[in-house]
Amino acid sequence: MNLSVQDDTLRTFVGAAGVFTALVVFTENTIRSLAPVLILSAGMLAYSVVDETYGLPNGMNGLVYGIGLVAAGVFLTLNYTTWIGGVVTLVGLWFVLDGATTIRYGSARTPHEFVSGPKSEAMLRMQILNTVHRTLRESNQPHTPAELAEVCDLTESRVRSALEYLEQRDQVTKTEEEYRAVPQNWGRLTPVVRFVAWLPRRILRPFFQVSNNR
């Protein structure tokens with residue numbers, strides 16, 4: 001059986017192996033002290049290889065990551081601090097549950113096309129999103145996608161897709177064909193406040209999925 005490994009994955013493997021080797025050789029770290037990180041890294045790299053070859057279902061990455069965290073948590077519990085190991089194990093079990101429910105029932109929310117594009121364009125999409133959102137925040141007037149495209153020097157299709165994603169995230173509002181940024185009532189702390197409000201819902205999502213599909 002031949003596994004097709006992409007160049008990015010191979011470079012990641014070589015780079016990770018080099019970093020761990022350097023840590024052992026040039027610092028006081030030992031293979032044992034780095035074992036939790038090694039377990040996680042090996043698990044995720046193995047997942048990447050298998051996913052590139054067979055196209056694993058959505059949620060499998062979370063499942064594999066969770067299993068790695070559980071293994072690392074057990075190792076920490078048995079060899080170092082019990083409470084840290086327990087926390088890592090609990091987090092790992094949550095990832096296992098979240099991944100398993102995603103595989104079994106599908107994603108709770110369908111990813112918007114703006115964030116489900118090719119991984120190679122991830123940084124470009126983030127830049128577009130930031131540019132469009134910043135332009136709206138700095139303007140006192142609503143704008144159409146065509147106006148924003150001209151101001152931001154982007155194609156209208158990319159701007160429209162970014163606006164639809166921002167609207168889905170409740171960061172902009174739409175009136176007819178014009179968009180306006182939602183005011184940031186907490187100033188620079190707004191992203192932190194939104195994250196704090198989002199986190200409990202995200203933690204409970206797999207439990208709700210299981211309950212709703214009984």
Side-chain angles (χ1 to χ4, degrees), residues 8 44 47-48 51 55-66 69 91-92 94-213:
D8 288 345
M44 294 311 296
Y47 163 79
S48 296
D51 184 42
L56 298 177
N58 292 333
M60 185 61 73
N61 57 337
L63 182 64
V64 172
Y65 184 66
L69 280 177
V91 173
W94 181 87
F95 274 100
V96 170
L97 175 63
D98 187 61
T101 54
T102 300
I103 294 171
R104 176 66 179 84
Y105 303 114
S107 299
R109 296 177 61 180
T110 303
H112 190 273
E113 63 176 8
F114 188 80
V115 294
S116 60
K119 293 181 180 179
S120 60
E121 295 185 357
M123 288 301 298
L124 175 61
R125 292 197 300 271
M126 289 299 296
Q127 291 173 359
I128 293 172
L129 197 68
N130 181 62
T131 300
V132 172
H133 195 205
R134 186 182 67 248
T135 302
L136 276 178
R137 291 200 311 269
E138 294 175 350
S139 175
N140 295 322
Q141 301 295 328
H143 292 281
T144 65
E147 291 171 345
L148 285 170
E150 183 177 356
V151 173
C152 300
D153 194 24
L154 296 167
T155 62
E156 185 175 344
S157 60
R158 286 189 180 275
V159 170
R160 190 178 295 277
S161 181
L163 288 169
E164 290 174 353
Y165 176 69
L166 288 169
E167 183 182 17
Q168 186 183 81
R169 303 282 295 181
D170 297 324
Q171 295 186 35
V172 302
T173 56
K174 180 182 179 182
T175 304
E176 296 182 351
E177 284 299 313
E178 295 183 323
Y179 291 84
R180 183 191 296 271
V182 174
Q184 296 188 330
N185 297 327
W186 296 90
R188 294 184 178 181
L189 291 177
T190 298
V192 177
V193 174
R194 286 176 177 169
F195 175 77
V196 171
W198 166 85
L199 186 59
R201 298 196 303 269
R202 184 62 185 90
I203 292 174
L204 293 174
R205 185 184 299 171
F207 298 98
F208 289 143
Q209 281 186 279
V210 172
S211 176
N212 293 335
N213 286 277

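All values derive from a computational prediction rather than experimental measurement.
- A donor-acceptor pair under 3.5 Å is formed between the side chain of R180 and the backbone N or O of N140.
- S139 pairs with exactly one of H143, Q141, R137 by the side chain to side chain donor-acceptor pair (under 3.5 Å) rule, that one being H143.
- In terms of heavy atoms, V182 sits closest to D170 at CG2-O, 3.6 Å.
- To the nearest 0.5 angstrom, T173 atom OG1 is 11.0 Å from L166 atom CG.
- Heavy-atom minimum distance, N58 versus T102: O-CG2, 3.6 Å.
- Pairing each heavy atom of A162 with each of I128, the nearest pair is CB-CG2, 4.2 Å.
- Between Q171 atom CD and L163 atom CG the span is 11.5 Å, to the nearest 0.5 Å.
- Of all non-hydrogen atoms in T101 and P206, the two that sit nearest each other are OG1-CB, 3.7 Å.
- For Y105, the OH atom sits in a packed shell: over 12 heavy atoms of surrounding residues, nucleotides or ligands are nearer than 6.0 Å.
- Pairs engaging residues 143-155 under the salt bridge (charged side-chain N to carboxylate O under 4.0 Å, His left out) rule: none recorded [sequence neighbours left out].
- With sequence neighbours excluded, the residues forming a salt bridge (Lys or Arg N to Asp or Glu O under 4.0 Å) with E156 are R160, listed by chain and number.
- Contact detail for I203 and W94: the closest heavy-atom pair is O-NE1, 2.8 Å.
- Among all heavy-atom pairs drawn from P145 and Y179, the shortest one is CG-CE1, 3.9 Å.
- Every side-chain contact (heavy atoms from CB on, under 4.5 Å) that W186 has, sequence neighbours left out, goes to L189, T190, V193.
- Between the S211 side chain and the F207 main chain, no donor and acceptor come within less than 3.5 Å of each other.
- Put simply, the side chain of S161 never gets that close to the backbone of S157: no donor and acceptor are under 3.5 Å apart.
- To the nearest 0.5 Å, atoms CZ (R125) and CG (L129) are separated by 10.0 Å.
- Remark: the backbone N or O of Q209 is paired with a side-chain donor or acceptor of N213 at under 3.5 angstrom.
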